[in-house]
Amino acid sequence: MSSPTVGDHVVSRLGLWGAHRFYGYPGDGIGGVVSAIGRAVEAGDAEFVQVRHEETAGFAATADVKYGGSPLGVAVVTSGPGAVHVLNGLYDAKLDHVPVVALVGQTASNALGTSYYQELDLVRLYSDVAGEFVFQVTRPDQVQHVVDRAARTALERRTVTAVVLPSDVQDADAVVEVPQGHGYTHTSAVPGSLPGTPRTEALAQAAKVLRSGRKVAILAGAGALSATEELTAVADRLGAGVAKALLGKTVLDDRLDWVTGAIGLLGTRPSYDLMRQCDVLLMVGTTMPYSEYYPARDRPAPCRSTSTAPAAGCATPPRSTSSGTREKPSPPCCRCWRGPTPTRRGARTSRGGTTPGTRGVPNGRRPRRTP
Amino acid sequence: MRGLSDRLADDHQVAVDCGTVTSWFARDLDLRPGMTASLSGTLLSMGGGLPYAIAAKQAHPDRPVLALLGDGAMQMNGLSELVTVAQRWRTWADPRFVVVVMNNRQLSFVAWEARAMQGEVPFDAAMDVPDVPYAGWAELLGLAGRRVEGPEGLDEVLTAAMGADRPFVLDAVVDPNVPMIPPHVSLDQVVSTAKATAKAGLQGDPAAREIVVEGVRETVGAAARAVRDRVRRSE
């Protein structure tokens with residue numbers, strides 16, 4: 001068997017990171033990588049799904065992670081137009097915080113700088129969508145650390161990274177054993193675990209805010225998807241009604257009578273009422289940005305959150321709460337929001353009981369009608 | 001949506017595109033834990049539906065998939081990615097893969113926004129989406145397809161689709177004039193939409209009357225339900 005190429009090295013290195021499924025569209029700019037994927041497919045180590053358009057490859061790589069197919073999505077596209085087409089699909093990953101690596105072909109090294117066919121400044125083009133890490137490989141002995149950094153950054157920052165590979169470099173002999181010498185950095189293909197658990201004081205403070213509420217509402221999003229049981233237990237303990245952000249729709253059964261359904265413009269009236277009438281809001285695993293659908297603001301209570309908390313709404317800087325491994329995903333992000341004190345007299349407070357306006361809010365069903 | 005809700009398996013995988021279809025999904029499709037459902041949630045790009053459905057099926061070939069698309073999205077990349085489905089479906093352990101096209105011949109989310117935000121009648125050449133034989137195209141590819149133009153026979157088609165022995169495209173001809181009434185509308189939006197509808201009516205737009213009818217049905221219906229539930233709670 002001939003010695004492995006850079007293409008083979010890229011494919012096998014990504015395999016160590018758990019990426020075995022490649023969505024893409026071939027072209028001569030990415031030929032070396034596609035051939036390597038072909039060899040891996042024959043060896044039973046990989047799957048290649050050809051789509052009709054590179055943009056679809058970007059969406060599909062994103063969905064590969066969202067639907068639990070792979071821990072890391074990979075889109076494989078050729079230079080020039082292929083590299084441009086996939087961008088929209090990659091932005092989908094970036095904005096929904098999904099780890100995806102783009103393997104992007106490039107014009108051969110000798111032709112670069114001559115305004116050659118399909119030659120684009122790809123590092124510049126990808127500097128936004130793959131702003132956390134994009135690199136154009138020039139030598140085989142870069143592959144290990146470049147692929148490791150691309151994968152690690154995508155996974156840890158939950159974002160898109162890009163490895164740009166000139167076509168001639170893809171076909172060059174791989175340097176699998178990186179020399180131990182000056183200027184060589186050795187990286188590992190071991191995913192890091194996300195840092196720690198929330199500070200005890202932050203947890204205690206959040207619990208205090210939640211206990212003080214008499215009409216507690218919960219907004220649960222995609223970050224809560226692995227925590228259905230915990231969410232149910234918390235809702236029961238607090239007597240809270242739950243609204244769901246769109247990406248978290250499957251976290252709780254729509255038919256439960258304490259689940260008010262979707263929130264926001266496409267949401268239900270009960271969810272809207274829940275937000276307007278609660279006095280404490282617990283947000284779990286969501287960054288839903290449409291503030292007009294949140295409770296009227298008082299002072300937000302201090303909060304803790306996981307790695308991708310947005311700029312707005314957090315009184316303390318975001319910290320990761322994960323102590324999870326791949327098998328048991330991280331606990332969701334939680335924020336506590338204190339609203340104005342209720343003025344209604346006689347509102348029942350009970351542990352697990354029904355409080356008017358939260359539990360028992362009717363599910364926002366529309367009348368049965370044919371579309 | 002109701003018919004689909006009743007026919008979803010415990011491990012169903014749902015993929016949704018962006019448009020008014022997202023609203024019907026959000027409010028009217030009942031999901032439960034154990035299922036997965038996703039969409040392009042922050043980029044909100046058209047064109048995610050069918051790629052997501054394909055990826056879900058590749059990830060878990062033994063689980064059934066439901067894709068909900070508007071006709072705009074179906075034309076954007078759904079028609080071509082059906083070729084990918086046709087190419088691959090025989091490799092799937094379970095063939096269930098249903099694509100529902102909400103065929104209302106309009107980029108209706110944009111149309112409603114134009115009415116609500118700009119008070120303008122949507123400009124036909126920009127908003128209209130041609131009617132395309134989606135079911136026929138599916139059959140040409142060796143898949144299954146049915147076009148449904150009304151409630152009669154819908155149940156039977158839904159059952160056939162969800163249990164088909166191959167991927168199935170359901171071309172659901174639906175009414176573009178059913179408004180998505182948000183849970184809370186500002187007075188400005190009400191006035192704006194009313195203005196646009198009145199303007200359309202004066203210009204002889206037949207849609208105007210239907211919009212009013214459907215809009216009233218929607219709001220009165222919701223109000224009636226709210227009253228009924230309040231009465232029920234106080235009993």
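By convention in this document, chain letters (A, B, ...) are assigned in the order of the sequence lines, proteins followed by strands, and residues within each chain are numbered from 1.
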Participant: Tell me which of these, B/Met35, B/Gln13, B/Gln58, has more heavy-atom pairs under 4.5 Å with chain A than the rest.
Facilitator: B/Gln58

Participant: Examine whether an atom of B/Met76 lies under 4.5 Å from a heavy atom of chain A, and if so say whether it belongs to the side chain, the backbone or both; otherwise answer neither.
Facilitator: neither

Participant: Could you tell me which residues satisfy salt bridge (Lys or Arg N to Asp or Glu O under 4.0 Å) with B/Asp155, sequence neighbours excluded, listed by chain and number?
Facilitator: B/Arg7

Participant: Please list, chain by chain and in numerical order, all residues satisfying salt bridge (Lys or Arg N to Asp or Glu O under 4.0 Å) with B/Asp94, sequence neighbours excluded.
Facilitator: B/Lys57, B/Arg96

Participant: With a 4.5 Å limit on heavy-atom distance, are the side chains of B/Leu170 and B/Leu158 in contact?
Facilitator: yes

Participant: Considering only heavy atoms, which portion of A/Gln50 lies under 4.5 Å from any heavy atom of chain B: side chain, backbone, both, or neither?
Facilitator: both

Participant: Let's test your reading of the structure: which of B/Ala15, B/Pro33, B/Gly34, B/Gly41 forms the most heavy-atom pairs below 4.5 Å with chain A?
Facilitator: B/Pro33

Participant: Going by heavy atoms in the side chains, are B/Phe25 and B/Val14 under 4.5 Å from each other?
Facilitator: yes

Participant: Going by salt bridge (Lys or Arg N to Asp or Glu O under 4.0 Å), name the residues that satisfy it together with B/Asp10, two or more places apart in sequence or in a different chain.
Facilitator: B/Arg32

Participant: Test side-chain hydrogen bond (donor to acceptor under 3.5 Å, both in side chains) on B/Ser45 and A/Asp92 and set out the steps.
Facilitator: CA-CA 7 Å; B/Ser45 174; A/Asp92 184 41; over 6 Å; no

Participant: Checking heavy atoms, do the side chain of B/Leu44, its backbone, both or neither come under 4.5 Å from chain A?
Facilitator: side chain

Participant: Among A/Val251, A/Val65, A/Thr228, A/Asn88, who wins on heavy-atom pairs under 4.5 Å with chain B?
Facilitator: A/Asn88

Participant: For B/Trp92 together with B/Phe97, are the ring centres under 6.0 Å from each other?
Facilitator: yes

Participant: Taking all non-hydrogen atoms of both residues, which atom of A/Asp96 and which atom of B/Leu39 are closest, and how far apart?
Facilitator: OD2-O, 3.5 Å

Participant: For chain A, find which of B/Ala53, B/Gly47, B/Ser40 contributes the most heavy-atom pairs closer than 4.5 angstrom.
Facilitator: B/Ser40

Participant: Which one of A/Ala63, A/Gly69, A/Gly89 has the most heavy-atom pairs closer than 4.5 Å to chain B?
Facilitator: A/Ala63

Participant: Counting only heavy atoms closer than 4.5 Å, note whether B/Arg63 contacts chain A via side chain, backbone, both or neither.
Facilitator: neither

Participant: Which bit of A/Thr62 comes within less than 4.5 Å of chain B, counting heavy atoms only: side chain, backbone, both or neither?
Facilitator: side chain

Participant: Rounded to the nearest 0.5 Å, what separation is found between the CG atom of B/Leu69 and the CG atom of B/Asn103?
Facilitator: 11.5 Å

Participant: Are A/Lys94 and A/Glu132 ion-paired here, with the side-chain N under 4.0 Å from a carboxylate O?
Facilitator: no

Participant: If contact means a heavy atom pair closer than 4.5 Å, which residues of residues 51-61 of chain A contact chain B?
Facilitator: A/Val51, A/Arg52, A/His53, A/Glu55, A/Thr56, A/Phe59, A/Ala60

Participant: Could you tell me which of B/Val16, B/Val148, B/Asn77, B/Val83 has the largest number of non-hydrogen atom pairs under 4.5 Å with chain A?
Facilitator: B/Val83

Participant: Testing B/Val99, B/Asp17, B/Thr22, B/Leu4 for side chain to side chain contact (heavy atoms under 4.5 Å, CB included) with B/Leu68, which one passes?
Facilitator: B/Leu4

